[in-house]
Amino acid sequence: MPIIETHETPDKAPLWVLETRNTAYVIGWSHTDGLYHIYWGAKLTRSGDYRPAPGFDAEVKMTRSARGEFPAWGNFKFDEPCLKVRFDDGVRAVLLDYVDSTIHEDDGTATLAIRLRDPVYPLAVTLTYRVFREFNLIERSARLENTGQHPIEIEQILSAAWRLPRRDSYTLTTLNGKWGGEFQIQRGDLPMGKHVVERRRGSSGFDSNPFFALGADGSATETHGEVWFGALAFSGNYKLVIERTAYEQVSVTGGIHDFDFLWRLEPGERFDTPVFVGGFTEHGYGDASRLLHAYELEHVLPRVTAKTVRPVVYNSWFVTEFNVNYENQTRAAELAARMGVELFIMDDGWFGQRRDDRAGLGDWYVNKQKFPNGLTPLIDKVNELGMEFGIWVEPEMVNPDSDLYRAHPDWVYHFPNRPLSMHRNQYVLNLSRQDVQAFILHFMHDLLANHNIKFIKWDMNRHFSEPGWHDAPEGRDRELWVRHTTGLYDIFRELREQHPGGLLESSSGGRGRIDLGIMAYI
């Protein structure tokens with residue numbers, strides 16, 4: 001049986017049925033109301049049963065804002081929009097007409113692409129649905145393209161709006177916490193109105209994670225009950241809006257946060273949203289977790305490391321802190337080897353003039369006072385003891401007391417004529433800049449090419465402040481929230497290609513920045 005089928009609605013418009021092993025997701029096109037949602041839940045016996053029931057069109061007209069599959073701002077719609085733009089003549093309302101669709105099936109997966117376009121303005125939108133049969137999951141994303149001659153300003157672009165069926169009540173589960181109390185399960189009744197799960201500090205973190213689960217009618221447990229769930233693959237500022245209306249209609253809309261965001265889409269340019277994956281199960285929260293975990297192992301984590309058993313690790317930080325040198329690291333390695341450690345990690349303090357957290361961050365050369373002959377003798381010793389060697393870096397940060405900052409003070413986020421806040425004695429480097437990305441790639445390539453390093457502990461310990469990019473191309477300064485994250489992905493992608501097989505840890509104070517986006521590289 002095909003994973004995706006195309007049918008017709010009663011008015012001869014297209015209708016798409018996406019089926020997994022146990023679930024179905026159905027959308028249709030209406031000439032009057034656009035692309036709308038029909039069904040998401042347990043798979044039915046016959047595909048014909050997914051066609052809208054008599055009276056459904058009238059319901060769509062009455063509750064169109066709660067049925068839109070990818071709502072664009074404008075017209076008679078008041079729920080959270082996936083798309084809001086400003087055209088060059090000042091118009092800020094978007095209409096989307098259906099163009100066509102394509103289906104591609106592979107072994108166990110299938111992809112549906114639905115093309116839409118504004119009937120007046122040069123804006124094309126492609127919605128992509130990738131279905132994973134065995135995991136009962138669907139990846140959704142959107143692509144915008146400017147096909148005209150003038151720039152288009154994107155004010156909000158979210159990845160997807162998930163529509164849930166009517167139930168008497170829903171229980172919302174999110175993951176929140178703090179350092180030392182990460183990923184705590186928060187669970188409670190979904191009230192009427194909007195509940196926002198968001199991150200506005202520059203990266204995903206401990207206080208919230210881009211994940212949701214909604215259990216129906218208060219009956220969902222670890223082993224039983226209907227649960228709809230999903231997660232966003234993005235490591236920067238994000239927003240999930242979980243909304244329950246007075247008509248008991250529930251939706252989850254999510255993607256890149258619109259806070260302080262503006263993207264200038266030049267003629268011929270495209271913008272791709274991050275993937276928002278969603279799923280459904282009748283077997284409770286435990287089954288939802290197992291489905292996501294299996295999907296992550298098979299389709300998210302890098303193929304070269306996905307099935308690798310993680311080694312027993314020793315980290316030098318709590319023994320020596322910044323006072324690392326060849327002698328004490330050798331002694332620590334000998335003790336670690338006796339305990340059966342498989343991976344020895346040297347933490348902060350090996351580079352530049354790094355004696356404490358006030359200096360040296362950004363100067364990624366080996367400190368010759370601590371390691372007169374470089375890192376190779378220590379790495380060789382660790383390998384002789386039967387262990388692999390790992391090392392700590394924090395490439396996105398810089399101390400003001402560093403050669404790097406003295407040479408390039410313009411490389412940090414800041415606003416002219418405003419104080420630059422200090423936190424942890426460091427500033428955040430602007431990864432939106434190509435020269436900053438090139439600098440990081442250069443020293444990382446040098447470090448990995450000249451040393452037998454099998455593990456990188458990539459830390460990121462400071463939130464963004466004063467997010468200014470004063471020398472950005474015109475109209476692009478507020479793109480930094482996205483460009484920093486995609487720039488980081490580009491760095492990770494190149495490091496993976498040039499140095500395959502090694503393990504990469506997204507530490508961020510202890511796995512603070514962990515989500516489906518960053519997981520594709522670690």
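Quick note: residue numbers are just sequence positions, from 1. Owing to the predicted nature of the structure, the values given are computational and were not obtained by experimental measurement.
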Subject >> For Tyr238, the option from Ser208, Ser204, Ser203, Ser159 that meets side chain to side chain donor-acceptor pair (under 3.5 Å) >> reply: Ser208
Original post:
Are the aromatic rings of Phe439 and His408 close, with centres under 6.0 Å apart?
Top reply: no
Original post:
Which atom names give the shortest non-hydrogen contact between Gln426 and Leu361, and what distance separates them?
Top reply: OE1-CD2, 3.4 Å
Original post:
Are the side chain of Asp118 and the backbone of Val94 linked by a donor-acceptor contact shorter than 3.5 Å?
Top reply: no
Original post:
In terms of the angle between their ring planes, are Phe271 and Trp263 parallel, tilted or perpendicular, with boundaries placed at 30° and 60°?
Top reply: perpendicular
Subject >> Lys84 and Glu155: CA distance, side-chain angles, deciding distance, salt bridge (charged side-chain N to carboxylate O under 4.0 Å, His left out) verdict >> reply: CA-CA 5 Å; Lys84 186 176 186 294; Glu155 297 180 351; 2.4 Å; yes
**OP:** Could you check if a side-chain atom of Arg310 sits within less than 4.5 angstrom of a side-chain atom of Phe455, using non-hydrogen atoms only?
**Re:** no
Original post:
Between the side chains of Trp16 and Ser101, is a donor N or O closer than 3.5 angstrom to an acceptor N or O?
Top reply: yes
**OP:** Would you list the pairs meeting salt bridge (charged side-chain N to carboxylate O under 4.0 Å, His left out) in which at least one residue belongs to residues 513-522, sequence neighbours left out?
**Re:** Glu396-Arg513
Subject >> Option among Phe464, Tyr405, Tyr413 that satisfies the ring-ring contact (aromatic ring centres under 6.0 Å, His included) test with Tyr427 >> reply: Tyr405
**OP:** Could you check whether the rings of Trp481 and Phe259 sit parallel, tilted or perpendicular, using 30° and 60° as the cut-offs?
**Re:** tilted
**OP:** Examine Trp40 together with Trp162 and report whether their ring centres are nearer than 6.0 Å.
**Re:** yes
**OP:** Determine whether the aromatic ring centres of His470 and Phe415 lie less than 6.0 Å apart.
**Re:** no
Original post:
Can you list the steps and then say if Glu466 with Arg418 is a salt bridge (charged side-chain N to carboxylate O under 4.0 Å, His left out)?
Top reply: CA-CA 8 Å; Glu466 294 82 44; Arg418 290 292 181 266; over 6 Å; no
Subject >> Pair Glu248 + Arg166: basic N to acidic O under 4.0 Å >> reply: no
Subject >> Ring-face cation contact, Tyr285 with Arg187, 6.0 Å cut, 45° max >> reply: yes
Original post:
Do Arg290 and Tyr295 have side-chain N/O donor and acceptor atoms under 3.5 Å apart?
Top reply: no
Subject >> Option passing side chain to side chain donor-acceptor pair (under 3.5 Å) with Trp392 (candidates Asn315, Asp459, Asp348) >> reply: Asp459
**OP:** Report the relative orientation of the aromatic rings in Tyr50 and Tyr39; use parallel for angles under 30°, tilted for 30 to 60°, perpendicular for over 60°.
**Re:** tilted
Original post:
Which residues pass the side-chain hydrogen bond (donor to acceptor under 3.5 Å, both in side chains) test with Asp97, sequence neighbours left out?
Top reply: none
